[in-house]
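What follows is a short report on a single structure.
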Amino acid sequence: MFDKVLIANRGEIACRIIQACRELKIGTVAVYSEADRDALHVRLADEAVCIGSAPNRDSYLNAANILSAAVITGADAIHPGYGNLSEDYNLADACQECKLKFIGPPKEVMRQMGDKAEARRTVRGAGVPVVPGSDNGVKDVRAAREIAEALGYPIMIKASLGGGGRGIRVVHNPEALSPSLEQARMEARSAFGSGEVYLEKYLANPRHIEVQILADEHGHTIHLGERECSIQYRHQKLIEESPSVAVNPRLRTRLGEAAVKAVESVGYRNAGTVEFLLDSRGHFYFIEMNTRIQVEHPVTEMLTGVDLVAWQLRIAAGERLDLEQGQIWFNGHALECRILAADGERNFVPSPGAITRWEVPSGPGIRVDSGVTCGSVVSTHYDPMVAKVICWAPDRPRAIARMEAALANMRIGGIRTNIPYHLRILGNAYFRRGELDTHFLERHGAVMEGG
Ligand code: ADP
């Protein structure tokens with residue numbers, strides 16, 4: 001096992017990784033920006049190194065400073081968390097140069113799956129269904145027009161190197177294609193450093209269903225079932241749950257097999273997630289693979305009892321995954337609500353500031369992962385998520401009831417949050433019946449807004 005791991009992240013995921021390291025008796029090094037001097041992850045870690053000023057690009061995205069911090073402190077490995085540099089091929093590459101283990105898949109797999117157009121081609125070659133679309137990045141408007149005609153409108157334009165819902169445009173008719181292509185390219189260039197985009201058929205009202213996988217370095221891969229993440233605000237997940245009401249045991253097996261096939265076809269290692277869209281007829285289509293731990297991983301942990309972050313560390317250290325597919329049980333139901341420092345009543349405008357009150361719920365089946373506490377300052381420089389509340393119960397209605405009670409018992413002062421918004425979703429009759437798709441919030445917006 002490693003002696004010391006540097007955590008190249010902040011917030012709740014840094015705290016989560018520190019907890020896993022401590023359980024495995026691994027020393028921890030936190031990194032922090034000047035704005036995060038007093039942050040919780042800095043206080044929890046054994047050592048901490050300042051890696052730059054407040055803006056993300058100067059600190060948490062500054063690979064050179066992060067690597068220097070690892071070398072100076074004598075860390076053996078870097079855990080990148082999610083977001084930030086977690087899917088950065090160059091960091092994985094530089095880790096190898098510096099004889100540091102990057103806790104994630106092999107760098108070549110990161111590169112291959114990080115290019116969403118290439119990922120589509122690769123998994124399709126392995127026999128996994130993908131959303132119909134272009135095989136490569138589109139060259140120009142003319143090429144885009146031809147592909148769009150063949151697919152039939154509406155279509156979706158996506159950035160090849162995209163993520164986090166950015167660089168995505170839905171195009172409903174030929175007239176809108178050219179300006180949308182231009183906008184998507186511009187957004188992609190500024191966000192991801194490449195203006196390459198590809199096209200996909202825009203599926204009507206799909207569910208977002210993803211499969212968690214674990215693969216060790218000895219060729220053993222298992223899946224840990226699905227998570228449904230259809231409750232999205234502008235293509236960003238807000239509530240996740242498992243199991244999905246739309247997935248029966250037979251479909252779960254097929255999804256799991258497809259996910260395992262996709263990752264085995266590229267020699268994947270460590271934890272990862274294969275994302276699919278599921279249509280109303282029960283057909284599923286690959287959209288992308290995330291080569292890292294995901295925000296919503298606790299949902300799977302609550303359901304299966306498998307500690308995914310501990311396994312990331314153990315797999316990276318060369319341990320064998322001693323779990324067989326048949327040993328994975330899906331017990332009960334789990335839901336996660338992402339608590340954002342954003343005003344749910346006013347289009348989720350950010351609500352930065354000092355937290356003056358922080359009382360979180362506890363009790364059977366309740367887990368709160370957060371990176372803040374009373375006195376913490378929520379800065380506009382970073383992601384607005386301040387906590388994740390995860391509730392488990394023997395069935396979905398009871399998990400929802402537990403979540404409602406847990407959120408009602410949460411007392412946060414000094415910042416506005418989306419807790420009231422979450423409570424309205426949880427109380428919505430369609431939500432309670434499990435009638436979900438990725439347009440849920442748009443469709444029920446009138447019910448949701450203003451209370
Ligand atoms: P990102 O990597 O930016 O998160 P994804 O490819 O994962 O982008 O898509 C994000 C969300 O956009 C999906 O969960 C889904 O709601 C929607 N989406 C993506 N592709 C399609 C599609 N072809 N048809 C309909 N909706 C889509």
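Predicted model only: the values in this text are computed from it and were never measured. We count ligands from 1, going down the list as the structure has it; atoms in each ligand are counted the same way.
- Sparse packing is recorded around CZ of Arg250, with 12 or fewer heavy atoms of other residues, nucleotides or ligands lying under 6.0 Å away.
- A salt bridge is defined here as a Lys NZ or Arg NE, NH1 or NH2 lying under 4.0 Å from an Asp or Glu carboxylate O, and Glu118 with Arg111 meets this definition.
- Applying the 4.0 Å criterion to heavy atoms of Ile168 picks out, from ligand 1, the atoms 3 (O), 8 (O).
- In terms of protein heavy-atom proximity, atom 21 (C) of ligand 1 is nearest to Met156 SD, 3.2 Å.
- Nearest to atom 2 (O) of ligand 1 among the protein's heavy atoms is Glu288 OE2, 2.7 Å.
- Among protein heavy atoms, the minimum distance from atom 20 (N) of ligand 1 is reached at Lys158 NZ, 2.8 Å.
- Salt-bridge formation is detected for the pair Asp279/Arg281: a Lys NZ or Arg NE/NH1/NH2 atom is positioned less than 4.0 Å from an Asp or Glu carboxylate oxygen.
- The distance criterion of under 3.5 Å between nitrogen or oxygen atoms is met by His208 with respect to ligand 1.
- Summary of contacts: the protein heavy atom closest to atom 12 (O) of ligand 1 is His235 ND1, 3.3 Å.
- In Lys116, the part holding a heavy atom less than 4.0 Å from any atom of ligand 1 is the side chain.
- At a threshold of 4.0 Å, the pair Glu226-Arg207 does not count as salt-bridged, since none of the basic side-chain nitrogens sits closer than that to a carboxylate oxygen.
- Looking only at atom types and distance, the side chain of Asp58 has a donor-acceptor partner in the side chain of Ser53 under 3.5 Å away.
- Taking all atoms of both residues into account, the shortest heavy-atom contact from His422 to Arg338 is NE2-O, 2.7 Å.
- Note that Arg252 lies in the cation-pi zone of Phe330, set by a 6.0 Å cut-off to the ring centre and a 45° limit from the axis.
- Below 4.0 Å from some heavy atom of Gln232 lie the following atoms of ligand 1, by number and element: 11 (C), 13 (C), 14 (O), 15 (C), 16 (O).
- Among protein heavy atoms, atom 22 (C) of ligand 1 sits closest to Leu277 CD1, 3.4 Å.
- Shown in contact with Val131 at under 4.0 Å from a heavy atom are these atoms of ligand 1, numbered in order with element: 23 (N).
- A salt bridge is defined here as a Lys NZ or Arg NE, NH1 or NH2 lying under 4.0 Å from an Asp or Glu carboxylate O, and Arg292 with Glu87 meets this definition.
- Comparing heavy-atom distances from atom 4 (O) of ligand 1 across Ala159, Gly133, Gly165 singles out Gly165 as nearest.
- At least one N or O atom of Gly164, backbone or side chain, sits closer than 3.5 Å to an N or O atom of ligand 1.
- The protein non-hydrogen atom at the shortest distance from atom 26 (N) of ligand 1 is Tyr202 CE1, 3.6 Å.
- The closest approach between any non-hydrogen atom of Lys237 and ligand 1 is not below 4.0 Å.
- Using a 4.0 Å cut-off to heavy atoms of Glu275, the atoms of ligand 1 that qualify are 7 (O).
- Taking any N or O of Leu203, backbone or side chain, at least one lies under 3.5 Å from an N or O belonging to ligand 1.
- Nearest heavy atoms, Tyr421 versus Gly344: CD1-O, 3.4 Å.
- Taking all atoms of both residues into account, the shortest heavy-atom contact from Ala215 to Tyr268 is CB-O, 3.4 Å.
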